[in-house]
Asks: 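One structure, pasted below without further comment.
Below, chains carry the letters A, B, ... as their sequence lines are ordered, and counting in each starts from 1.
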Protein chains: 2
Amino acid sequence: MRMAELSRESGVAVATIKYYQREGLLPPGERTSPNQARYDATHVRRLRLVRALLEVGGLSIADVRDVLAAIDEPATSTHDILGVAQHGLPLARRDVSDEDRKWALEHLEAVTAERGWQLSPESPAVEAIVDVLCTVRAVGHEWMLDSLDRYVDAAERVAEADLGAVARLGSTESIVEGAVVGTVFGDALLVALRRLAHKQASRERFGDA
Amino acid sequence: MRMAELSRESGVAVATIKYYQREGLLPPGERTSPNQARYDATHVRRLRLVRALLEVGGLSIADVRDVLAAIDEPATSTHDILGVAQHGLPLARRDVSDEDRKWALEHLEAVTAERGWQLSPESPAVEAIVDVLCTVRAVGHEWMLDSLDRYVDAAERVAEADLGAVARLGSTESIVEGAVVGTVFGDALLVALRRLAHKQASRERFGDA
DNA sequence: CAGATTGGATAGCTCCACTATCCGAAACAG
DNA sequence: CTGTTTCGGATAGTGGAGCTATCCAATCTG
């Protein structure tokens with residue numbers, strides 16, 4: 001297929017496809033002559049993934065480029081597939097004071113220790129959690145920490161499901177793509193489900209007014 | 001306090017504070033003369049909340065304005081406090097075909113029915129979930145649906161914790177602010193904890209390589 | 001062969017979240 | 001009281017992100 005068909009198939013404007021090519025989000029087509037190229041189903045698929053990461057995942061163009069680079073790497077050991085998937089995925093960050101950071105880390109350790117989790121305070125995930133906890137305190141809503149244990153519990157459960165799902169993927173296809181997709185869209189799914197669960201729990205607790 | 005001190009106290013540049021005032025994110029100070037004003041601790045607090053919603057919550061200026069408007073409304077019944085909090089909070093949306101939408105809704109109903117959840121297909125949360133499910137299918141990763149039940153379970157658990165926490169807030173102060181803060185920062189917290197849980201689960205499953 | 005389409009390069013657009021400058025009035029230091 | 005700062009308010013400008021539009025010569029299509 002050529003540019004126009006790729007555009008029709010994927011629902012992305014021609015000019016936008018060209019832009020994505022320039023930005024390295026879409027590999028070049030197979031050349032048929034010095035200034036003509038042909039595309040195939042892999043390009044359609046990649047384009048759909050790019051749009052999904054941008055729209056649902058809320059990633060920036062640069063984030064998408066990093067994530068795709070991870071996907072296109074030859075698969076590493078099963079153990080760090082999720083690590084590779086996480087590498088390049090953004091988490092909200094903030095600067096907070098060292099005292100605050102220490103305070104938050106202690107709280108986090110308090111609830112993860114009993115589960116035997118090993119925290120490396122330098123890891124992006126821990127830093128992001130610490131940032132959120134500090135922010136919550138800064139706006140005067142420390143009470144949220146009371147629920148931290150339940151949050152950790154919920155995160156543990158979905159993570160187990162995620163690991164199981166990824167392990168079930170045959171290693172023939174791109175497990176890494178599965179891990180990335182699962183991570184990004186899993187976030188969006190979890191957030192939306194939480195909203196729905198709020199409504200439901202509120203209905204159960206306070207009746208149908 | 002006056003502008004300079006408000007700026008120092010909150011860590012936000014004077015020009016930015018003026019911008020937030022223009023955008024309606026910060027109420028005007030108390031006038032002491034036709035062109036002078038005085039600010040107090042409520043302004044510092046509000047400013048910190050605005051920054052937190054922007055940076056951690058990833059909200060736009062317009063979203064923050066909507067959320068603050070909800071917070072400043074006189075409190076309604078306990079039942080729909082979370083509804084008010086949700087109103088104005090964004091969820092990723094996409095356009096998908098009606099067939100896809102129907103397919104996703106059936107899957108969602110399949111796992112929520114046994115919990116006795118009532119879905120209104122028009123609600124933002126349901127629409128967002130449907131969008132994500134359709135997107136997951138569009139990029140060829142339907143296997144994620146196998147975990148949907150576990151996700152719903154996790155969402156239900158955190159929602160219960162959230163409701164409990166909000167109910168524990170005395171009605172004297174702004175419960176609505178608590179609900180908004182809990183919703184927005186709870187999202188960020190859950191997402192970051194999931195990343196950490198992935199690492200931990202991967203370590204347990206595949207050993208320490 | 002005529003007209004449309006292609007890949008590629010470049011310039012421009014809109015939106016967003018600030019940021020900088022200017023002004024005349026008020027505050028403060030001496 | 002005087003001279004310097006700081007104030008609020010208004011207006012214009014900045015830089016980045018994510019496209020979008022235009023132009024070109026080469027190539028494909030009927």
Side-chain angles (χ1 to χ4, degrees), chain A residues 1-40 43-44 46-68 88 90 92-95, chain B residues 1-40 43 46-68 90 92-95:
Chain A
M1 82 183 60
R2 303 226 307 267
M3 186 59 91
E5 194 180 348
L6 178 59
S7 171
R8 234 177 304 111
E9 203 76 14
S10 62
V12 180
V14 170
T16 306
I17 295 175
K18 290 180 177 180
Y19 167 64
Y20 290 164
Q21 288 179 323
R22 286 197 301 279
E23 293 297 318
L25 307 188
L26 192 67
E30 186 191 346
R31 295 281 155 63
T32 63
S33 53
N35 67 344
Q36 295 284 293
R38 207 180 321 144
Y39 307 94
D40 59 27
H43 292 90
V44 178
R46 173 55 55 99
L47 215 33
R48 281 206 256 261
L49 180 60
V50 167
R51 294 302 301 172
L53 291 171
L54 289 172
E55 292 180 22
V56 176
L59 303 194
S60 69
I61 295 286
D63 292 336
V64 172
R65 183 168 41 233
D66 291 351
V67 161
L68 294 177
R93 293 302 317 274
R94 289 197 93 197
D95 3 302
Chain B
M1 85 184 57
R2 304 226 307 268
M3 185 58 92
E5 194 181 348
L6 179 58
S7 171
R8 236 180 302 109
E9 203 75 14
S10 62
V12 180
V14 170
T16 306
I17 295 176
K18 291 180 176 180
Y19 167 63
Y20 290 164
Q21 288 179 326
R22 287 197 300 280
E23 293 296 318
L25 307 189
L26 192 67
E30 187 191 346
R31 295 280 156 62
T32 62
S33 55
N35 66 345
Q36 296 283 296
R38 207 182 320 144
Y39 306 94
D40 58 27
H43 292 91
R46 172 56 55 100
L47 214 33
R48 279 207 257 261
L49 180 59
V50 167
R51 295 300 302 171
L53 291 172
L54 289 171
E55 292 180 23
V56 176
L59 303 194
S60 69
I61 295 286
D63 292 336
V64 173
R65 183 168 40 233
D66 291 352
V67 161
L68 293 178
R93 294 300 319 273
R94 290 198 91 198
D95 12 297

Asks: For Ala62(A), which residues count as a side-chain contact (heavy atoms from CB on, under 4.5 Å) partner, sequence neighbours excluded?
Replies: Ser60(A), Arg65(A)
Asks: Does anyone know the first and last nucleotide of DNA chain D in reach of chain B, 5' to 3', at under 4.0 angstrom to a heavy atom?
Replies: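 Taking any atom under 4.0 Å from a heavy atom of chain B, the span is dC7(D) to dT11(D).
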Asks: Tell me which pairs pass salt bridge (charged side-chain N to carboxylate O under 4.0 Å, His left out) where either residue lies in residues 49-59 of chain B, with sequence neighbours left out.
Replies: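 Pairs touching residues 49-59 of chain B that pass the test: Arg94(A)-Glu55(B), Arg51(B)-Glu55(B).
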Asks: Heavy atoms only, 4.0 Å cut-off, all strands: where does Arg31(B) land among base, sugar-phosphate and nothing?
Replies: sugar-phosphate
Asks: Tell me every residue that passes side chain to side chain donor-acceptor pair (under 3.5 Å) with Arg93(B), counting only those two or more places apart in sequence or in another chain.
Replies: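 Expected list: Glu127(B), Asp131(B).
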Asks: Does Tyr39(A) place a side-chain N or O at less than 4.0 Å from the phosphate oxygens OP1/OP2 of dG7(C)?
Replies: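 Looking at the OP1 and OP2 atoms of dG7(C), one of them is under 4.0 Å from a side-chain N or O of Tyr39(A).
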Asks: Could you list the residues that satisfy side-chain contact (heavy atoms from CB on, under 4.5 Å) with Asp66(B), not counting sequence neighbours?
Replies: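 With neighbours one apart ignored, the set is empty.
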Asks: Apply side-chain contact (heavy atoms from CB on, under 4.5 Å) to Arg2(B) and list each qualifying residue two or more places apart in sequence or on a separate chain.
Replies: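 Checked Arg2(B) against side-chain contact (heavy atoms from CB on, under 4.5 Å); matches are Gln36(B).
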Asks: Under the salt bridge (charged side-chain N to carboxylate O under 4.0 Å, His left out) definition, can you give me all pairs with a residue in residues 28-37 of chain B, not counting sequence neighbours?
Replies: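 The answer is none; no pair qualifies.
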Asks: Kindly state which residues belonging to residues 52-66 of chain A come within less than 4.0 angstrom of DNA chain D, counting heavy atoms of the residue only, listed by number.
Replies: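 Hits under 4.0 Å, by residue number: Leu54(A), Ser60(A), Ile61(A).
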Asks: By side-chain contact (heavy atoms from CB on, under 4.5 Å), which residues pair with Asn35(A), not counting sequence neighbours?
Replies: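 Here the qualifying residues are Ser33(A).
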Asks: Which whole-number value in Å describes the distance from Tyr19(A) OH to dA11(C) C1'?
Replies: 15 Å
Asks: Just how far is it from atom OG of Ser10(A) to atom OH of Tyr20(A), taken to the nearest 0.5 Å?
Replies: 9.5 Å
Asks: When the distance from CE of Met3(A) to C1' of dA4(C) is rounded to whole Å, what number comes out?
Replies: 16 Å
Asks: Output the residues of residues 5-12 of chain B in contact with DNA chain D, where contact means a heavy atom of the residue under 4.0 Å from an atom of the strand; sort by number or write none.
Replies: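 Within residues 5-12 of chain B, no residue comes under 4.0 Å of DNA chain D.
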Asks: Going from NE2 on His43(A) to CD on Gln21(A), what distance comes out if it is rounded to the nearest 0.5 angstrom?
Replies: 7.5 Å
Asks: Could you write nucleotides 20-30 of chain C as a row of B, S and -, 5' to 3', where a protein heavy atom under 4.0 Å of any base atom gives B, of only sugar-phosphate atoms gives S, and otherwise -?
Replies: B---BSSSS--
Asks: For the CG atom of Leu6(B) and the CD1 atom of Ile17(B), what is their distance to the nearest 0.5 Å?
Replies: 4.0 Å
Asks: If the helix axis at each end comes from five base pairs, how far does the helix from dC1(C)-dG30(D) to dG30(C)-dC1(D) deviate from straight, to 10°?
Replies: 10°
Asks: Of all the heavy-atom pairs spanning Val12(B) and Leu47(B), show the shortest one and how long it is.
Replies: CG2-CG, 4.1 Å
Asks: How far does CG of Leu53(A) sit from CG of Asp63(A), to the nearest 0.5 angstrom?
Replies: 9.5 Å
Asks: Which atoms form the tightest heavy-atom contact between Pro90(B) and Leu59(B), and what is the distance?
Replies: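 Closest approach of Pro90(B) to Leu59(B), heavy atoms only: CD-CD2, 3.7 Å.
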Asks: For the atom pair CZ (Arg22(B)) and CD1 (Ile61(B)), what is the distance rounded to the nearest 0.5 Å?
Replies: 10.5 Å
Asks: Without decimals, in angstroms, what is the distance between Ile17(B) CD1 and dA17(C) P?
Replies: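 Rounding to the nearest Å, CD1 of Ile17(B) and P of dA17(C) are 17 Å apart.
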